[in-house]
Amino acid sequence: MAYVDSLLSKCTSFSQLKQLQAHLVTTGIFQFYTCRAKFLDFCAVSSAGNLPYAAYIFRSITFPYKNEWNAIIRGLAQSPKPIDAVTFYVSMSRLPCKPDALTCSFTLKACARALARSETPQLHAHVIRFGFASDVLLRTTLLDAYSKCGDLDYACQAFDEMDVRDIASWNALIAGLAQGNRPTEALQLYKKMRENMEPNEVTVLGALSACSQLGVNKEGDRVHEYIKSRNLDCNVIVCNAIIDMYAKCGLVRKAYEVFNEMKCSRTHVTWNTMIMALAMYGDGEQALELFEKMGQTGIEPDSVSYLAAICACNHAGMVDDGMKLFDAMDRCGVSKNVKHYGSMVDLLGRSGRLDEAYKIVESMPTVPDVVLWQTLLGASKTYGNVEMAETVSKKLVEMGSNHCGDFVLLSNLYAAQGRWHDVKRVREAMKGQDVKKVPGFSYIEVGGTIYKFMNGDMNHPKWKEIYWKLDEILLRIREYGYVAETNYVCHDIGPEEKENALCYHSEKLAVAFGLISTQDGTCISVNKNLRICGDCHVVIKLISKIYEREIIVRDRTRFHRFKNGACSCKEYW
DNA sequence: ATAGGGTTAG
């Protein structure tokens, strides 16, 4: 069979593969099922192959042998319709030819790719029943399937229950936690792993991704140092992750250094990451320059590149450039998705061109999603357009959105115009419905330790000191005659309670904590749910002036650098 | 003796 292997490995196109099949049939080798299985596997999986053709051959076999089933299931698992692999698995398990560990492995891979949440535990039961539970590789696949389907608690449980874990098991859970919005736990696990074994390239990707999300540059630096000290292979994926980490931690310069000095050749992801990094800093010109350069280097901008470039225009207030790019996409045959429309709506909305933004929404070929309407609502609030805000709010309610921010934004808009009656009406509607209160939270890394703050948080051991600091800030801001006049975001209050609201913003808690713990010159805070805008800008600007500190705040989409009472972000928001 | 873990996006 080594003969068949060597012949197969020489096939680089489908026509060669068919020639080989003819050869195998005439020489009679093809009647041996081991040969057929090898052929099917290659045909179903390799780039020279063709899955439908493999399936066609498979159907002509009366009693397929186990490896032939496996070949087809493996091929289906990595096809665009992975769920079909599960269907095949089910048919197979009804036959005398029972699945083996590999069959389960391929099918679990299919579950992971198809996000088949209910099928994964069923496969888990089979794995136990068939007695494959001691197979480390299979259990890692299982763990990964749980985590990819969003059942991270099961993934953690699967990990805990393993009596033997190898590096891939650790990597699967670290990456799962990082991608599943649990970056703190991902980093904890990474640290725990280092006590037991040496991380490799894949491990650091999970750790870097977690650092990116948290915006913790000290920890990110440590991971980078580790990569260098252990001479881990700095392949393009690792470089991309490092660039992204520095960019999201407020160190674009370092990101750019890595981008310039990387030894391996750049991919789309590399360019896109760097363009997006510049976009987050509001450096529109450089981002567009890089976008141009990317094309010149022979890598045609893809859909994400355009998104990053439009986003750069968005953050730099370059409305015309953004519109040009948006139009260029159709000409260049690059597909648009809801994010491109979202960014355009934001771009037009932020510059006050609400009607044009609304037209963009109407021109969409797909149904606009919640985030898109929220963007438009935000812009309506900024520009005090009650009529638009009411239209958009209705849409949001129709879509069943029950996010507190949607109601609060409308309520704040009424409040800004002194329409307290309407404020009350919205607040009451909120109580009537099942509104999800999503607390904003922020992270700050001080002296290498990560702290998390939520609205009204009293969990930190130094919470009293932090609130004292906030009171002091409040007092000193009053001396400037500013008072927290516009500060009623996200709070269920009337005009008389406005002032107190200042204390409850998570990023302000984080800033106050950064001021107490003076080890760091800069302070990075990340707020995942809210956008730093309006009142927040005013308050943090003043803090930077009063305390002579540079404060960098990263919100969902961009960086805001506050220094000497000014913000580097263009302020048309 | 064919298998598990991986980077960018409003």
Side-chain angles (χ1 to χ4, degrees), chain A residues 1-2 5 8 34 37-38 40-42 44-46 66-68 70-71 73-75 77 100-109 112 132 135-145 147-148 159 165-176 178-179 199-209 212 235-245 247-248 266-277 279-280 302-311 314-315 336-347 349-350 368-372 374-376 378 531 556-558:
Chain A
M1 281 308 133
D5 280 332
L8 278 170
T34 36
K38 273 183 190 298
L40 278 177
D41 185 67
F42 190 84
V45 174
S46 83
K66 191 177 290 181
N67 288 1
E68 288 163 335
N70 284 355
I73 292 175
R74 182 180 176 207
D100 63 4
L102 274 182
T103 325
C104 293
S105 185
F106 298 143
T107 313
L108 278 166
K109 182 109 184 156
F132 305 143
D135 188 328
V136 189
L137 274 71
L138 185 52
R139 293 196 73 157
T140 302
T141 319
L142 182 65
L143 187 168
D144 186 55
S147 96
K148 293 246 164 64
F159 181 82
R165 302 181 192 105
D166 65 9
I167 193 158
S169 327
W170 286 88
N171 292 351
L173 191 57
I174 292 172
Q179 266 129 45
N200 65 5
E201 291 78 16
V202 181
T203 324
V204 295
L205 288 173
L208 286 169
S209 162
S212 294
N235 62 38
V236 65
I237 301 179
V238 173
C239 286
N240 295 345
I242 295 171
I243 294 170
D244 184 57
M245 181 275 292
K248 298 245 169 73
R266 307 183 179 104
T267 62
H268 276 93
V269 178
T270 322
W271 290 93
N272 295 349
T273 307
M274 199 57 231
I275 296 170
M276 191 51 91
M280 289 190 82
D302 65 5
S303 159
V304 181
S305 321
Y306 273 95
L307 181 64
I310 292 172
C311 191
N314 187 349
H315 293 170
K336 288 174 180 167
N337 63 36
V338 67
K339 291 184 181 170
H340 298 91
Y341 289 95
S343 199
M344 283 309 290
V345 168
D346 204 24
L347 174 67
R350 278 175 192 266
D369 66 1
V370 175
V371 181
L372 208 140
Q374 287 167 341
T375 305
L376 198 51
R531 283 167 192 245
R556 216 155 50 80
T557 52
R558 63 206 304 217

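Protein chains get the first letters and strands the later ones, always in sequence-line order, with residue 1 at the start of each. As the structure is a computational prediction, the values presented were derived from the model and not from experiment.
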With a 4.0 Å cut-off on heavy atoms, is [X] in touch with a base, just the backbone sugar-phosphate, or nothing at all?
| X | result |
| --- | --- |
| F106(A) | sugar-phosphate |
| N70(A) | nothing |
| V136(A) | base |
| T270(A) | nothing |
| V204(A) | nothing |

Report yes if a donor N or O on one partner sits less than 3.5 Å from an acceptor N or O on the other, where the partners are the side chain of [X] and the base of [N]; otherwise report no.
| X | N | result |
| --- | --- | --- |
| D166(A) | dG4(B) | yes |
| D369(A) | dG10(B) | yes |
| T141(A) | dG4(B) | no |
| N171(A) | dG6(B) | no |

Could you grab the distance from atom NZ of K109(A) to atom NZ of K148(A), nearest 0.5 Å is fine?
6.0 Å
Rounded to the nearest 0.5 Å, what separation is found between the CG atom of N67(A) and the CG atom of D100(A)?
7.0 Å
Quick one: does [X]'s side chain have a donor or acceptor within less than 3.5 Å of a partner on [Y]'s backbone?
| X | Y | value |
| --- | --- | --- |
| S169(A) | D166(A) | yes |
| S105(A) | A101(A) | no |
| R74(A) | V45(A) | no |

Length of the line joining [X]:[atom1] and [N]:[atom2], which is rounded to integer Å:
| X | N | atom1 | atom2 | result |
| --- | --- | --- | --- | --- |
| I242(A) | dT8(B) | CD1 | P | 13 Å |
| M276(A) | dG10(B) | CE | C1' | 8 Å |
| I275(A) | dG10(B) | CD1 | P | 14 Å |
| W271(A) | dT8(B) | CH2 | P | 19 Å |
| I174(A) | dG5(B) | CD1 | P | 15 Å |
| D302(A) | dT8(B) | CG | C1' | 9 Å |
| R139(A) | dG4(B) | CZ | C1' | 13 Å |
| H315(A) | dG10(B) | NE2 | C1' | 8 Å |

Which listed nucleotide ([options]) is nearest to the side chain of [X]?
| X | options | answer |
| --- | --- | --- |
| K248(A) | dG10(B), dG6(B), dA9(B) | dA9(B) |
| A172(A) | dG5(B), dA9(B), dT2(B) | dG5(B) |
| N337(A) | dG4(B), dA9(B), dG6(B) | dA9(B) |
| V304(A) | dG10(B), dG5(B), dA9(B) | dA9(B) |
| R74(A) | dG10(B), dA1(B), dA3(B) | dA3(B) |
| L137(A) | dG4(B), dG6(B), dG5(B) | dG4(B) |
| L372(A) | dT2(B), dG10(B), dG6(B) | dG10(B) |
| D135(A) | dG10(B), dG4(B), dA3(B) | dA3(B) |
| L307(A) | dA9(B), dT2(B), dG5(B) | dA9(B) |
| D5(A) | dG5(B), dA1(B), dG10(B) | dA1(B) |

Does K109(A) make a side-chain N or O approach to OP1 or OP2 of dG5(B) shorter than 4.0 Å?
yes
With a 4.0 Å cutoff (strictly under), does any side-chain N or O of K336(A) reach OP1 or OP2 of dG10(B)?
no
List for me each residue that meets side chain to side chain contact (heavy atoms under 4.5 Å, CB included) alongside T203(A), sequence neighbours excluded, and say none if there are none.
I167(A), N171(A), I174(A), Y190(A), M193(A), P199(A), N200(A)
Partners passing side-chain hydrogen bond (donor to acceptor under 3.5 Å, both in side chains) against N240(A) (at least two apart in sequence or in another chain):
T270(A)
